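Quick notes on the structure that follows.
All figures in this text were calculated on a predicted structure; none of them were measured in a lab. Sequence lines set the chain letters: A, B, ... in the order given, protein chains first and strands last, and positions in each chain run from 1.
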Number of protein chains: 2
Amino acid sequence: MTLDDVAHAAGVSPITVSRALRGERAVAPELVERVRAAALKLGYVPDPAARALASRRSTHVAVLIPMLSNALFVDMVEAIQRRLRPAGYQTLIGITHYDANEEEQLLREHLLHRPAGLLVTGLERTPATRALIANSGVPCVHLMETSTDPGVHSVGFGQADAAAAMTRHLLERGRRRIAFAAAQLDARTLQRLSGWRAALTQAGLYDPVLEWRNPAPSSLALGALLFEQIAAHRPAVDAVFFCNDDLAQGALLAAMRLRIAVPRKVAIAGFNDLTGNDQMLPPLTSVRTPRAEIGSAGADMLLTLMQGGRPPSHTVDLGFELVVRAST
Amino acid sequence: MTLDDVAHAAGVSPITVSRALRGERAVAPELVERVRAAALKLGYVPDPAARALASRRSTHVAVLIPMLSNALFVDMVEAIQRRLRPAGYQTLIGITHYDANEEEQLLREHLLHRPAGLLVTGLERTPATRALIANSGVPCVHLMETSTDPGVHSVGFGQADAAAAMTRHLLERGRRRIAFAAAQLDARTLQRLSGWRAALTQAGLYDPVLEWRNPAPSSLALGALLFEQIAAHRPAVDAVFFCNDDLAQGALLAAMRLRIAVPRKVAIAGFNDLTGNDQMLPPLTSVRTPRAEIGSAGADMLLTLMQGGRPPSHTVDLGFELVVRAST
DNA sequence: CTGAAAGCGCTTACAG
DNA sequence: CTGAAAGCGCTTACAG
């Protein structure tokens, strides 16, 4: 079942079938109709390999994310697939493990397959990776952060702004010694840290000892550990803002074990508003981040670029939302 | 940079280069050496699209899983990629949302791309899907369960056995009214349910009112709800065995809210031993399931099949492990 | 708006 | 063990 069969059935040349099916204009509407009908009747489906070889472009979209074990990226990936699949694109997921060199290696591998598009996480990468993307000529959209560079397409939200907003919320609640606990220490975590720092500085309450960093991956256990350390070393701290919800949830459990009253003695806030926050004791205050929307809008922008179009804007800021629960 | 360039540099014909690079025997060792050196020097990499078109087989492996939001499958997928990538295969992840029809649709789409191999979750699917797999001739390994059919390749563990083992553990702890709470109600959940039922029946303690089913997806919130229902309607229940850890974790939080002592008044057990169980209050007893090992071993079996080999056994049982913590 | 020719970069038989 | 020929199923220029 090939183009020729459809051409035969429709009484046109194969190339006309090719054009009609791809929706190229410059084909008479009635011919398009005839071809479509024939293709449908024969159950014809174009061969992706032949198409890729001839056009030097596949229908694959490579999606590079740091981790799948962070629910954040799962939500984003699912939203991406929901958009890309109906449009006829296959998603290839590459996991970088927050490692710029692994990302570079992954990208090299994926580029060999001539992907139709690229979806990458964040803006920070090795110069070589940046060059690979630029030289490949493959459309690329950056997710999770917003770029000011008009040559870079991005969909995200202001990580620092979101963290600053949460910090101000804690200040409004009367907290004065607000610690920030960070894990992983990837670019976005550090942006959140800077947002927190800016808000505290503005309030005249910034103190470097309030900054707790740990490069290990975010987890309940690490959140518990960080909370225990903060409670032991800085008893005056009256709020802890964690860069991710799993840390905050772990802290809530640790507080219970240590019999430290939340939020009476210390307020606890998280980030991302992952599932389960409403089940915590007390329910966890967090920042809802629009990861699914980022996936959808990022895929839409990429779709536009892959079709040769130009998106209305090179960057889209999808914002965030404070979700205040009983923990603060 | 094509085969021809390498052929030229090595002073042989293109087809010899093709054969040498693919490791086909019937090429003189010294030629293989010469070709390899030339390819390396020129930085030649075969074009996957051309290869797929000519050989009618790609280097893609389609992996069909129910959900990415279940950490279980994330662990499995990561292990699969870790095995398949170095072997030169790309992983295409398809999410079925526990829907047999969606799985069928996904499979149809993936089969158009002539995948080199197929990795699917479980043994239960529509007859059409089964036929699609068989007729495609694409090597396929079934993950998570073990098949008795010698025509079906599988890597998993005894879901019913694992549930029965946990149930016996609860019986040994002196529990007599052991409820089973199930969500999602997919094939594996129902196998666990049957394992629990068998163990209770054997002990002469089976009672249908102890069975709690809810078709909604597993979550902390649903676990809390199920626990509240059980506590309200069946106060005599002295243990609840949840088909998944997130349910059990939600139950633990609900028990705290209701001030029901765990394990004094009621024991709580989960399944899979997802991350965070050790942080719960009290730490959660569970069954550790070898999902990463299943991913690795499944990928290995598929690799063997894709290379035309025959795996030592058509099915591999990787077992499970009881992880007893303070909640039981 | 439509088509004949050439070619994308490999591999599959078929010879020798 | 090696190679010349044909072809995988499309799309890209190039004409008209």
Roughly, in whole Å, what's the span from [atom1] in [X] to [atom2] in [N]?
X	N	atom1	atom2	result
A:Glu30	C:dC1	CD	P	12 Å
A:Leu31	C:dG3	CG	C1'	12 Å
B:Glu24	C:dC10	CD	P	15 Å
B:Leu112	D:dC10	CG	P	11 Å

Quiz item: Between B:Arg125 and B:Glu104, is the closest basic N to carboxylate O distance under 4.0 Å?
Solution: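 B:Arg125 and B:Glu104: not salt-bridged.
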Quiz item: Would you call A:Glu109 and B:Arg85 a salt bridge, using N to O less than 4.0 angstrom?
Solution: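 Looking at B:Arg85 together with A:Glu109, the answer is yes, because their closest N to O distance falls below 4.0 Å.
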Pairing donors with acceptors under 3.5 angstrom, does anything connect the side chains of [X] and [Y]?
X	Y	result
B:Glu145	B:Gln159	no
A:Thr146	A:Asp317	no
B:Gln90	B:Thr59	yes

Practice problem: Please determine, for the side chain of B:Ala28, which listed nucleotide (D:dC1, D:dG3, C:dC1) has the closest atom? | Solution: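 Nearest to the side-chain atoms of B:Ala28, counting from C-beta on, is D:dC1.
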Any sub-3.5 Å donor-acceptor pair from [X]'s side-chain atoms to [Y]'s backbone N or O?
X	Y	result
A:Arg22	A:Ser18	yes
B:His142	B:Val120	no
A:Asp75	A:Leu72	no

Please confirm whether the shortest side-chain N or O distance from [X] to OP1 or OP2 of [N] is below 4.0 Å.
X	N	answer
A:Arg22	D:dT12	yes
A:Ser18	D:dC10	no
B:Arg19	D:dT2	no

Set out, line by line, the N/O atom pairs under 3.5 Å between protein and nucleotides 5-9 of chain C.
from	atom 1	to	atom 2	distance (Å)
C:dC8	O3'	A:Arg56	NH2	3.1
C:dC8	O2	A:Ala54	N	3.4
C:dG9	OP1	A:Arg56	NH2	2.3
C:dG9	N2	B:Ala50	O	3.4

Quiz item: Can you check whether A:His60 and B:His60 have ring centres sitting under 6.0 Å from each other?
Solution: yes
Quiz item: Where each pair must be Watson-Crick or G-U wobble with both distances under 3.5 Å, what dot-bracket representation of DNA chain C is obtained, with crossing pairs in [ ] and other-strand partners as |?
Solution: |||.||||||||.|||
